[in-house]
Structures are given as structure tokens and as C-alpha cells.
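Structure first, commentary second.
Sequence lines set the chain letters: A, B, ... in the order given, protein chains first and strands last, and positions in each chain run from 1.
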Amino acid sequence: TQLLEQSPQFLSIQEGENLTVYCNSSSVFSSLQWYRQEPGEGPVLLVTVVTGGEVKKLKRLTFQFGDARKDSSLHITAAQPGDTGLYLCAGEDNYGQNFVFGPGTRLSVLP
Amino acid sequence: DAGVTQSPTHLIKTRGQQVTLRCSPKSGHDTVSWYQQALGQGPQFIFQYYEEEERQRGNFPDRFSGHQFPNYSSELNVNALLLGDSALYLCASSLADRDYEQYFGPGTRLTVT
């Protein structure tokens, strides 16, 4: 079973700070997705990364897929309270049999 | 553009009972996946339906079953409920050829007492 680990588990920062969260695996994934989930709601898809080394930007969010396609990072510049939420990475295993989610990083941005 | 909808929003059941949860996919989507999310954890994949057939399945017992209808909507059935089945049940829809990009509904919060 391919597993995804995320770090840190919890992160509390002040508005305006920068931060990076990580998603790691010992296995290769054909693609990875990042989602944000707010309390009482379902996850919302932010981005899909497919190519090793790929970098995608979504306003203040920058996503990177590792060269070996085993890890990914999410960098947020000048965090705002609206960025608060649970950030989840997810991927499909090599056999196309199972979708795997990491445990998430819970981000709190204080005004 | 209608997103993914789920019903009911909340549900309370007793151990041993059976429950049916419902999901309507995002307009234009043909594939539906179901997930269980325990408090403080990431979603766990239960199964995926496409063309009214179970296409993929995670590590869940046979007490968990599902169905997809011709209009692509889906049901999740759980028999012989256990206390450990208490969780948020999420439905996600996608296109069959891009099933890794999933759009989630708000979930059904199931409490088993």
C-alpha cells in the first residue's frame, strides 16, 4: 500500500508570514493533487501536478512536484486568515487501484 | 453549474442498523467515489463507481456496498453498523479519464450510538 505523509501536522502563523507544507512518500505517484478542506465541508481541489519537477502557481500558492514524483510541497506567500484550513495531498497508486490521501496539515492563520 | 450534492447532511443510527447515503455528481461527471473521513484524519477511499459497476475498491469490508444509477447518481450502503463507522462520508465525482481530479460534496456526518 502506498502511503502519503504530511508535515507539519499542525501550523499556526500570523497573517503576512510565509509557510511551506510537505507531502512525502517512499513510492512513485503518477500524479498528486492538493486539496483544502474547511470544517464541515468536503475537500476542494486546488491543483494537480503530473510531471516530475513541475511547479504550478495559484495566486499566492506555489506547488512543486519532486523530480522523482515521490514528494510535493505547497508554499504560501503572505498568508491570510482565509487560508486557514486542512491541506490534504492525494494520489492514485501505481496500480490505479486506490486513491490515497495524506493525513493533512492543519493551518491556522491568525489576524 | 450544480456541484456534488449529498443527503442527508447528518444521520444518527444505532449499532447493528443499516444506512443508505446518497450522492448526485457534478453536472457532466460520470464517475463517483466514496470516502470515509474519521475525525482528524484524511479521507479513506471506499470504492469508485463507473458505468454502474464498482471499478475500484479500497480496504473496506463487504458491509460497505454501493450502487450507481443510469443518471450517474450513487448510493453507499453500510450494514450491521459499528461504533467505529461513525465518520464523515464524502462523495466525489470526476470524469472517467481524469478520475484523479475529484470534486467533493459536503459530506454526510454519520453517528453510530
Checklist entry - What are the residues of residues 4-18 of chain B, in order of number, with any heavy atom under 4.5 angstrom from a heavy atom of chain A? => result none
Next on the checklist: Membership question, hydrophobic clusters at under 4.5 Å side-chain separation (ILVMFWY): are A:Y87 and A:L19 in the same one?
Outcome noted: yes
Checklist entry - Is there a chain of hydrophobic side chains (I, L, V, M, F, W, Y, each step under 4.5 Å between heavy atoms) that links B:F45 to B:L110? => result no
Item to check | chain A interface, residue from B:F47, B:F104, B:Y103 that has the most non-hydrogen pairs under 4.5 Å | outcome: B:F104
Checklist entry - If Ile, Leu, Val, Met, Phe, Trp and Tyr residues are connected whenever their side-chain heavy atoms lie under 4.5 Å apart, and connections chain through other members, are A:V21 and A:V109 in the same group? => result yes
Item to check | Residue part contacting chain B, namely of A:Q37, when any heavy atom lies under 4.5 Å | outcome: side chain
Item to check | B:Y100 portion near chain A, given a 4.5 angstrom heavy-atom threshold | outcome: both
Item to check | Heavy-atom pair of closest approach, residues B:Q56 and A:F99 | outcome: OE1-CE1, 3.6 Å
Next on the checklist: Less than 4.5 Å to any heavy atom of chain B: does that hold for the side chain of A:L86, its backbone, both, or neither?
Outcome noted: side chain
Item to check | B:Q48 versus chain A, the contacting section by heavy-atom distance below 4.5 Å | outcome: side chain
Next on the checklist: More than 12 heavy atoms of other residues, nucleotides or ligands under 6.0 Å from CG of B:N59: yes or no?
Outcome noted: no
Item to check | B:Y35 ring center within less than 6.0 Å of A:F101 ring center | outcome: yes
Item to check | Proximal to chain B - members of residues 39-46 of chain A, heavy-atom separation under 4.5 Å | outcome: A:G40, A:E41, A:G42, A:P43, A:L45
Item to check | Per-residue contacts, residues 50-85 of chain A versus chain B, heavy atoms under 4.5 Å | outcome: none
Next on the checklist: Side chains of B:Q44 and A:V100, heavy atoms from C-beta outward: is any pair under 4.5 Å?
Outcome noted: no
Next on the checklist: For residues A:L11 and A:W34: do they belong to one hydrophobic cluster (side chain heavy atoms under 4.5 Å, members Ile, Leu, Val, Met, Phe, Trp, Tyr)?
Outcome noted: yes
Next on the checklist: Quick check: is B:W34 connected to B:F64 through a chain of hydrophobic side chains (ILVMFWY, heavy atoms under 4.5 Å apart)?
Outcome noted: yes
Next on the checklist: Under 4.5 Å from any heavy atom of chain A, what part of B:Q41 do you find: side chain, backbone, both or neither?
Outcome noted: backbone
Item to check | Contacts with chain A made by residues 81-95 of chain B (heavy-atom distance under 4.5 Å), listed by residue number | outcome: B:L88, B:L90
